[in-house]
Asks: 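Here you go, one structure.
Below, chains carry the letters A, B, ... as their sequence lines are ordered, and counting in each starts from 1.
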Amino acid sequence: MSIILHCIGGGRAVSIDADDLLGWFAVAERDLPWRAGDVTPWQILVSEFMLQQTPVARVLPIWPDWVARWPTPSATAAASQADVLRAWGKLGYPRRAKRLHECAAVIARDFADEVPDDVEVLEQLPGIGSYTARAVAGFAYRQPVPVVDTNVRRVVARAVHGQADAGSPSVKRDHADVEALLALLPDAERAARFSAALMELGAIVCTARAPQCGHCPLRGDCRWLLAGSPPGADRKRPAQRYAGTDRQARGRLLDVLRDNTVAVTRAELDLAWPADAVQRERALSSLLDDGLAERLPDGRFALPGHDRNDSTASR
DNA sequence: GATACGTGGTC
DNA sequence: TGACCAAGTAT
């Protein structure tokens with residue numbers, strides 16, 4: 001007998017067969033390295049930091065080396081910020097690396113080197129928001145909590161609400177949607193798996209572009225598919241360009257700092273973003289403000305906490 | 001709620 | 001080619 005979840009979406013009753021999703025998950029779940037049995041909560045937390053706004057394929061080559069080098073919070077905290085930023089490489093959003101480093105220090109100092117298992121406590125740690133806190137609680141500690149990322153929001157929008165795309169994010173609403181489903185599962189273990197399966201489904205089947213509805217375990221229940229997969233409304237989103245932005249300028253400057261063991265001169269930074277001096281200075285200032293770079297007494301620049309080198313040569 | 005924050009792949 | 005997208009967080 002299957003577990004039918006009856007819920008309300010868009011004012012109408014919706015029924016979802018939980019066993020369809022759980023059965024699919026048992027077979028289709030990707031064997032990503034951070035899902036192996038011997039991976040610790042800290043190492044799972046590291047993967048979640050890396051996966052924030054970043055595709056799995058880009059994390060795959062970085063994570064194993066990282067956790068082998070720094071397996072625990074205390075080991076991570078003991079590393080210099082410069083080494084952490086270098087190991088982060090070009091994963092993107094380097095402030096994540098800084099926050100991960102800070103997070104490691106707090107866990108080592110205040111939590112005896114053990115990652116907390118309480119969502120509320122996790123949310124107070126640097127770099128951990130409502131998603132990551134629940135991902136750790138759910139994936140590392142098997143708690144039946146809603147783990148709502150962009151994938152889950154899309155799956156719920158389609159299967160439950162019959163909409164092509166998720167609406168604007170609302171932590172309260174999004175959690176309530178998933179909580180309503182989890183509450184209907186008969187035990188915590190299956191609720192936790194259901195939560196994880198929802199996310200996996202969004203990641204590999206119910207994708208933003210070209211969803212594989214023909215292979216979807218929910219194809220019999222999905223309100224969006226049953227309605228004929230109507231297109232979503234045109235979303236007016238601020239153009240997300242990158243070329244020529246301050247973000248790109250910051251990236252170029254940081255790239256230079258990462259690649260040089262020795263502090264670099266302002267002239268070397270000028271070369272990294274030559275066209276617009278005003279923008280370059282703005283980018284540099286923001287990196288300094290963010291603690292992602294520092295200015296030495298002699299006027300040169302380096303990653304924070306880099307190994308001081310007396311050499312006067314710039315490289 | 002809107003905005004800033006990297007980087008690279010895809011269609 | 002350029003717009004969109006990717007396991008979000010902090011302000």
Side-chain angles (χ1 to χ4, degrees), chain A residues 29-30 32-35 44-63 85 88-100 102-103 122-140 145-155 164-175 178 195-204 206-211 232 234-258 272-273 279 282-283 285-287 289-293:
Chain A
E29 181 184 11
R30 294 167 293 176
L32 301 170
W34 42 87
R35 290 177 175 171
I44 290 173
L45 177 53
V46 170
S47 77
E48 292 301 340
F49 264 86
M50 293 181 172
L51 288 162
Q52 289 168 3
Q53 292 284 283
T54 306
V56 167
R58 303 220 350 246
V59 173
L60 246 17
I62 305 287
W63 181 86
L85 285 169
W88 195 260
K90 305 197 75 161
L91 250 193
Y93 291 139
R95 42 175 55 168
R96 289 182 295 165
K98 179 180 167 57
R99 289 176 181 145
L100 177 58
E102 293 166 356
C103 185
L122 285 163
E123 279 186 315
Q124 298 308 121
L125 297 173
I128 297 189
S130 70
Y131 162 76
T132 303
R134 288 169 180 76
V136 170
F139 303 155
V145 293
V147 183
V148 182
D149 71 337
T150 185
N151 292 309
V152 172
R153 284 169 29 73
R154 185 173 52 249
V155 171
D165 305 294
S168 50
S170 157
V171 172
K172 209 176 185 77
R173 213 169 349 131
D174 296 339
H175 283 170
V178 177
S195 185
L198 225 37
M199 195 164 128
E200 188 75 342
L201 186 69
I204 63 182
C206 190
T207 50
R209 287 178 301 200
D234 286 335
R235 281 185 294 174
K236 35 182 175 285
R237 37 187 331 138
Q240 182 195 17
R241 55 178 187 294
Y242 180 58
T245 61
D246 285 12
R247 284 154 87 167
Q248 187 183 34
R250 282 168 55 105
R252 290 286 171 78
L253 297 180
L254 201 57
D255 208 21
V256 172
L257 299 180
R258 267 196 309 261
W273 194 260
Q279 189 176 41
R282 190 166 61 229
S285 294
S286 72
L287 286 173
D289 287 346
D290 289 348
L292 293 172

Asks: Is there, by distance only and without an angle test, a donor paired with an acceptor across the side chain of A/Q53 and the base of C/dG8 below 3.5 Å?
Replies: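 Such a pair is found, so the answer is yes.
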
Asks: Just to verify, what does A/T54 make a side chain to side chain donor-acceptor pair (under 3.5 Å) with, not counting sequence neighbours?
Replies: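 Expected list: A/R96.
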
Asks: Could you tell me which residues satisfy side chain to side chain contact (heavy atoms under 4.5 Å, CB included) with A/P33, sequence neighbours excluded, listed by chain and number?
Replies: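 Partners of A/P33 by the side chain to side chain contact (heavy atoms under 4.5 Å, CB included) criterion, ordered by chain and then number, come out as A/L60, A/W63.
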
Asks: Near DNA chain C, under 4.0 Å by heavy atom, which residues of residues 54-63 of chain A?
Replies: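 Within this stretch, A/P55, A/V56 sit under 4.0 Å of the strand.
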
Asks: What do the steps show when you test A/E48 against A/Y131 for side-chain hydrogen bond (donor to acceptor under 3.5 Å, both in side chains), and what is the final call?
Replies: CA-CA 9 Å; A/E48 292 301 340; A/Y131 162 76; 2.8 Å; yes

Asks: Looking at residues at least two apart in the chain, or sitting in another chain, which of them share a side chain to side chain donor-acceptor pair (under 3.5 Å) with A/R134?
Replies: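 Applying side chain to side chain donor-acceptor pair (under 3.5 Å) to A/R134 gives A/E123.
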
Asks: When you measure from the side chain of A/R153 to the backbone of A/D174, do you find a donor-acceptor pair of N or O atoms at a distance under 3.5 Å?
Replies: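 Absent.
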
Asks: Taking only heavy atoms on the protein side, list every residue of residues 123-133 of chain A lying under 4.0 Å from any atom of DNA chain B, sorted numerically.
Replies: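 Residues of residues 123-133 of chain A under 4.0 Å from DNA chain B: none.
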
Asks: Just to be sure I follow the notation: if a pair is Watson-Crick (purine N1 to pyrimidine N3 plus N6-O4 or O6-N4) or a G-U wobble (N1-O2 and O6-N3), each under 3.5 Å, what dot-bracket string does DNA chain B give, with | for pairs to another strand?
Replies: .||||.||||.

Asks: Given the C1' atoms of B/dG9 and C/dT9, what is the spacing between them in whole Å?
Replies: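 It works out to 23 Å between them.
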
Asks: If we take the P atom in both B/dG6 and C/dT1, what is their distance in whole Å?
Replies: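 Pairwise P distance, B/dG6 against C/dT1, rounds to 26 Å.
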
Asks: Given the C1' atoms of B/dT7 and C/dT11, what is the spacing between them in whole Å?
Replies: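 After rounding to an integer number of Å, I get 23 Å for this pair.
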
